[in-house]
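Below is one structure, written out as structure tokens; comments come after it.
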Amino acid sequence: MTLLTRILLLSLLLAPSVVTAEESSCPEHFAGGQAPSITNLKLSPQTRDVCYSGYAFKHSGLTRTPLYSAEHLTSARLLQAKGMRRHSTFFPDPNIPAAGRAELSHYAHSGYDRGHVAPSADMPDQQSQQECFSLANMVPQVPEINRGVWEKVEKSVRKMAKERGDIYVVSGPLFMGNNIQLMGGAVMVPTHTFKAIYDPGRGESGAYLVDNVPGAQPTFISIAELEKLAGMNLFPSVAKTSKSVAMNAQGMKAGKPRTYAGRRGYANAKSTL
DNA sequence: CGGCCGGATGTT
DNA sequence: AACATCCGGCCG
């Protein structure tokens, strides 16, 4: 089977709903049914919201990455996901206009991994498994990070979801500073990746932030702090006073929780977008 | 330690 | 699509 027919087959198999309005057509993926919203207007152009069965994302044609991918993780879902057989069928997303999407060629021999934003291991069935290999759910990630500490963050969040039973997760890239690299002349290489968690049962929230450079360790920041860096309102339905989740207790070597704004070099960092 | 997992690579 | 191989982390 050629690559082209495989892509055509995939586009037939996938039945996404693309929405442009404020209301999400897949509220089940979001805390309070409300999708994250953009507050940094530089991020707004060429965006598209896509709903899949296991996650939903907002894609940017400027970065050719998701700005976020959102999932609702429950213990039942992860129990089901655990038994899933995985297969790697990465594909350029037919729901994203070709002019603004990532292609397999952009990633080939780039030195970067195709890093899942919504992870494959969270997906409970064949369809969602397949859908999460969309290149619209990928960011160029330093291999050591993707296969190392980021994987650890993902596992830690799955563990948290199993223990708590029910959490909402929003993951995505950051593009900080004025020296953003382009992979394959097209796809923006994120400087960081984040994973934000909201626990509706306990009213707690928090986020991991990991630099996209070899040797980086995860840091823990508040949702409010992350929202400033990301230029997005990640959990619009959640009161800003929600308590912080004690993520350090999840087997992570994240060091002391600290405020990212306090770190030298980041306090004045601006998104180039 | 070995075996498994999850993500990625390359070849056919 | 299947297969071999790699890797780091985790578990018994």
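Since this is a predicted model, take the numbers as computed values, not measurements. Quick note on labels: first sequence line is chain A, next is B, and so on, each numbered from 1.
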Query raised in the report: Can you check the A:K155 NZ to C:dC10 P distance for me, whole Å?
Result: 6 Å
Report task. Please name all residues satisfying ring pair (Phe, Tyr, Trp, His ring centres under 6.0 Å) with A:Y68, sequence neighbours left out, ordered by chain then number. Result -> none
Query - Phosphate-side-chain proximity, A:S120 and B:dG6, N/O vs OP1/OP2 below 4.0 Å - result: no
Query raised in the report: Among A:P119, A:S171, A:S69, A:S128, which one satisfies side-chain contact (heavy atoms from CB on, under 4.5 Å) with A:Y55?
Result: A:S69
Report task. Consider the side chain of A:K152, meaning its heavy atoms from C-beta on, and name the nucleotide among B:dG10, C:dG9, B:dT9 that approaches it most closely. Result -> C:dG9
**Report entry** Those residues of residues 167-174 of chain A lying under 4.0 Å from DNA chain B by at least one heavy atom
**Finding:** none
**Report entry** Salt-bridge criterion met for A:R158 and A:E151 (N-O under 4.0 Å)
**Finding:** yes
Query raised in the report: Roughly how many Å is it from NE2 in A:H109 to P in B:dT9, rounded to a whole number?
Result: 9 Å
Report task. Find the distance between CZ (A:R101) and OG1 (A:T65) and round it off to the nearest 0.5 Å. Result -> 15.0 Å
**Report entry** Spacing of A:N146 atom CG relative to C:dG8 atom P, expressed in whole Å
**Finding:** 13 Å
Query raised in the report: Roughly, in whole Å, what's the span from CG in A:D122 to P in B:dC5?
Result: 17 Å
Query - Spacing of A:R147 atom CZ relative to C:dC10 atom P, expressed in whole Å - result: 17 Å
Query - salt bridge (Lys or Arg N to Asp or Glu O under 4.0 Å) contacts touching residues 56-65 of chain A (sequence neighbours left out) - result: A:D49-A:K58
Query raised in the report: Which whole-number value in Å describes the distance from A:K159 NZ to C:dC11 C1'?
Result: 12 Å
Query raised in the report: What's the CD-P distance between A:E144 and C:dG9, to the nearest Å?
Result: 9 Å
Query raised in the report: Hey, would you say the A:H116 and A:F133 ring centroids sit under 6.0 Å apart?
Result: yes
Query - Rounded distance (Å) that lies between atom C1' of B:dG7 and atom CE of A:M138 - result: 10 Å
Query raised in the report: At under 4.0 Å between heavy atoms, what does A:F133 touch on the DNA or RNA strands: base, sugar-phosphate, or nothing?
Result: nothing
**Report entry** Whichever of A:A108 and A:A81 has its nearest DNA chain B nucleotide further upstream toward 5'
**Finding:** A:A81
Requested in this report: To the nearest 0.5 angstrom, please state how far the CG atom of A:L174 sits from the CG atom of A:L209.
Outcome: 5.5 Å
Report task. Report which part of the nucleic acid A:P119 touches: base, sugar-phosphate, or nothing (heavy-atom distance under 4.0 Å, all strands). Result -> sugar-phosphate
